[in-house]
Amino acid sequence: MHPRQARFEDVRPDRRVIVVGDNGLTLRFIRNLIDNFAFHVIAVIPTGPGGQRDEIRRASQENRRLSVLEAQNIGADTIREAGLTDAYAVALMDQNDVGNLHLALKIREMSHYLGDETLPRLVIRMYNRGLRDHMQKLLGDDGVFVKSDADMVARTYAAAALEQIPPGDIDIWGRRLYLTRAPDPRAQAQWVVAAGNEFGVDMIPEDADEAVRMLCLEPVAARRWVRPMWEAVAQWFRQSLHTMRRTFGKGLWMAAAVLFAVMLGGMTTLLSVNSLNANRETDGDFWDALYMLAMMAAGGADPDTTDHWELRLTHVVVVVSGALLIPVVTGAIVQAVVERRYALAEGRMVRAVRDHVIVVGLGNMGTRVVETLRERRVPVVAIEKDRDAIGVRAARAAGAQVLLGDASRPETLQEAEVKYSRSLVAMAKQDSANLETALSGLECKPDLRTVMRIYDPEFAALIRRNLNRGRSLHEASQHSSYSAPQVAAGSFARELTDDEILETIPVRGQIAYIAEVTVEEGAFLDDQAAQEATVTGSHRLLAVKRDTGGVRWMPDDGFRIKHGDTLLVLVTRKGLNEVHDCCRTPQDA
């Protein structure tokens, strides 16, 4: 646990976070820290107008938990003036990789110089992936989190593309949890996260009536071999047919048909050779006929003028056809190789795909979405206008097909096999382009699932509500739209929460958490029944991990909690305080 870890409480002046930056992501990040995690924020911004500075200043006037420090040149001394030695964390959110790195190194150096043994957490926004991967060597591993916007949002967009509710798959204690909008009979266990209607929701209610969000535990299933093998065979067959269609032109198909007819006629003649030629003592055996046909086609059979005229005619035709067969096959192979190279060079489809996800836009975020989907072994077709985009090479390296073209044109989407796709994810930088692409996809496939990147959260919500008009809260949404800065801000804020919080679950403007808390000796829950660890509207017990390592999911009322146990709980923000009070000894509570 980090040395500065503290509980969530409404008033804690020592829970200070210094945030450096003045962009849209920074503003949303600050709001997440204040509204969802009850932090006190000192925003360090440059003097004068620009960016989101005026919005940050107005927010500080309206919220006592936000204060602003302005400086002409922001450096380590400015961070010290903001209260570095008392800060729980420092977040560097500027869109300047080198500037963020420089300031982070100065902050670490100054902390050591000031003799601060409990170094503040560092959350650094870093765009350059190569630099980001090596940051730990410079700053160390203790309390340093280096992330990019793309890393933060890719999981949400990928989950929506696979018809999952964000944040998607939740891997905890060796098991997989997932979210649904209604009870799932296939789940091994399930708990109500929220219930409600169009007027609002109640977090962690008593029962599942009007449930709008369920947390489900995936059952442990035996490994299946037949279905994956069958799917692999079907995929290979589809790809082979697609390759043949692209390889063989009309002329090649006609030549192949003529040669096939010749070979079939030759086989028929050879099978009846005994009745045609009385001098032959061999029977019309199929394998002998096939052997003779192969030898003739390869030019390896000697002519015999004593044979019946029909056999000699067959011999001549087959030998000539066999001589023609070689250039036809050679031409097909050469054409296949050339076609593949041409398709790769021109950004065309190379192989057939089914049940795939189409990702439009290979910027930093779009590329990360492609990589996230490919990590889950989902087939992906990526569409990009600019053939020189860095994401083109990265997408191909991840195993995705890249189609160069304008995704707003139905012809491009049709070439991407949109009719057979699972979903369409529009990740271009312009909102208008993403909306146009999604609508074009719906023209090609009316039941297409779409996921859009929209900058403004309010605009994203309006698009989502209008496209899903007529669907109830319990039905899966066909269309999703998310503000990337909004999603990234929540994820960045999560990096500053206590280590015991494992996952955050947003539900219509409210937040639930999955957290783990250890029961101390003499605490209220020490030697208590499992049912005592659940309070409606506050927290619900999901599982218990013994200090020996054993895990009991959804323990019954007869299960007793003991000190040393780690509880996995579904909690609200205030509910986590109550769990802490129940798990700590009275003198420490």
Side-chain angles (χ1 to χ4, degrees), residues 24-25 27-28 31-32 52 149-150 152-168 179 181 196-201 212-213 357-366 368-370 372-373 382-383 385 406-410 412-413 416 418 421-491 505-510:
L25 173 59
L27 178 60
R28 292 173 174 84
R31 288 172 177 167
N32 265 275
Q52 302 289 318
D149 305 7
M152 296 301 191
V153 305
R155 183 183 176 193
T156 295
Y157 285 104
L162 300 178
E163 301 183 44
Q164 298 174 340
I165 299 175
L179 294 166
R181 291 178 175 82
N197 48 41
E198 62 272 15
F199 301 107
V201 296
V212 295
R213 200 71 85 245
V357 175
I358 300 175
V359 179
V360 179
L362 288 178
N364 197 33
M365 291 186 184
R368 192 68 191 93
V369 171
V370 170
T372 302
L373 291 169
I383 303 178
K385 283 183 178 181
D406 185 357
S408 63
R409 299 179 57 188
T412 305
L413 294 176
V418 67
S421 66
R422 181 185 299 189
S423 57
L424 171 67
V425 184
M427 295 296 297
K429 294 181 180 179
Q430 298 81 19
D431 292 355
S432 58
N434 291 331
L435 184 56
E436 185 180 4
T437 296
L439 295 176
S440 296
L442 290 173
E443 288 184 6
C444 300
K445 183 181 179 182
D447 61 344
L448 177 67
R449 178 176 180 79
T450 64
V451 183
M452 286 168 280
R453 170 188 175 185
I454 302 296
Y455 180 82
D456 183 74
E458 183 180 358
F459 186 36
L462 287 171
I463 292 175
R464 185 167 56 249
R465 285 197 297 268
N466 279 272
L467 288 178
N468 291 304
R469 190 185 300 112
R471 289 179 176 261
S472 69
L473 294 174
H474 306 281
E475 291 182 300
S477 299
Q478 181 182 350
H479 308 284
S480 302
S481 54
Y482 300 101
S483 166
Q486 186 79 3
V487 175
S491 299
I505 303 174
V507 185
R508 299 178 63 189
Q510 300 193 51

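If you read the sequence from its start, that first residue is 1, and numbering goes on from there. Since the structure is predicted, the reported quantities are computational estimates derived from the model, not experimental observations.
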Q | Heavy-atom pair with the smallest gap, counting every atom of Ala161 and Val425 | A | CB-CG2, 3.5 Å
(Q) List the residues meeting side-chain hydrogen bond (donor to acceptor under 3.5 Å, both in side chains) with Thr450, not counting sequence neighbours, and say none if there are none. (A) His479
(Q) Taking side-chain hydrogen bond (donor to acceptor under 3.5 Å, both in side chains) as the definition, give me every residue that meets it alongside Asn32, ordered by chain and number, with sequence neighbours left out. (A) Asn36
Q: Using a cut-off of 6.0 Å, state whether more than 12 heavy atoms not belonging to Lys445 lie near its atom NZ.
A: yes
Q) Taking only residues two or more places apart in sequence, or in another chain, which ones meet Arg409 in a salt bridge (charged side-chain N to carboxylate O under 4.0 Å, His left out)? A) Glu411
(Q) Suppose we screen for side chain to side chain contact (heavy atoms under 4.5 Å, CB included). Which residues come up paired with Ala407, at least two apart in sequence or across chains? (A) Val360, Ile383, Leu413, Thr437
Q.
For Ala433, give me all partners under side chain to side chain contact (heavy atoms under 4.5 Å, CB included), at least two apart in sequence or on another chain.
A. Ala428, Gln430
Q.
Run the salt bridge (charged side-chain N to carboxylate O under 4.0 Å, His left out) test against Arg31 and tell me which residues pass, sequence neighbours left out.
A. none
Q: Identify, with sequence neighbours excluded, every residue that meets salt bridge (charged side-chain N to carboxylate O under 4.0 Å, His left out) alongside Arg28.
A: none
Q: Check side-chain hydrogen bond (donor to acceptor under 3.5 Å, both in side chains) between Asp406 and all other residues, then give those that pass, not counting sequence neighbours.
A: Ser408
Q) side chain to side chain contact (heavy atoms under 4.5 Å, CB included) with Ile165: which residues, sequence neighbours excluded? A) Leu179, Arg181, Arg213
Review item, side-chain donor-acceptor pairs of residues 453-462, under 3.5 Å, at least two apart:
residue	atom	partner	partner atom	Å
Arg453	NH1	Met427	O	3.3
Asp456	OD2	Glu458	N	3.2
Asp456	OD2	Phe459	N	2.9

**Q.** For Gln52, all residues meeting side chain to side chain contact (heavy atoms under 4.5 Å, CB included), sequence neighbours excluded
**A.** Leu27, Glu55
Q | Residue pair Leu362 / Val370: nearest heavy atoms and the distance that separates them | A | CD2-CG2, 3.9 Å
**Q.** Those residues that, when tested against Asp447, pass side-chain hydrogen bond (donor to acceptor under 3.5 Å, both in side chains) (two or more places apart)
**A.** none
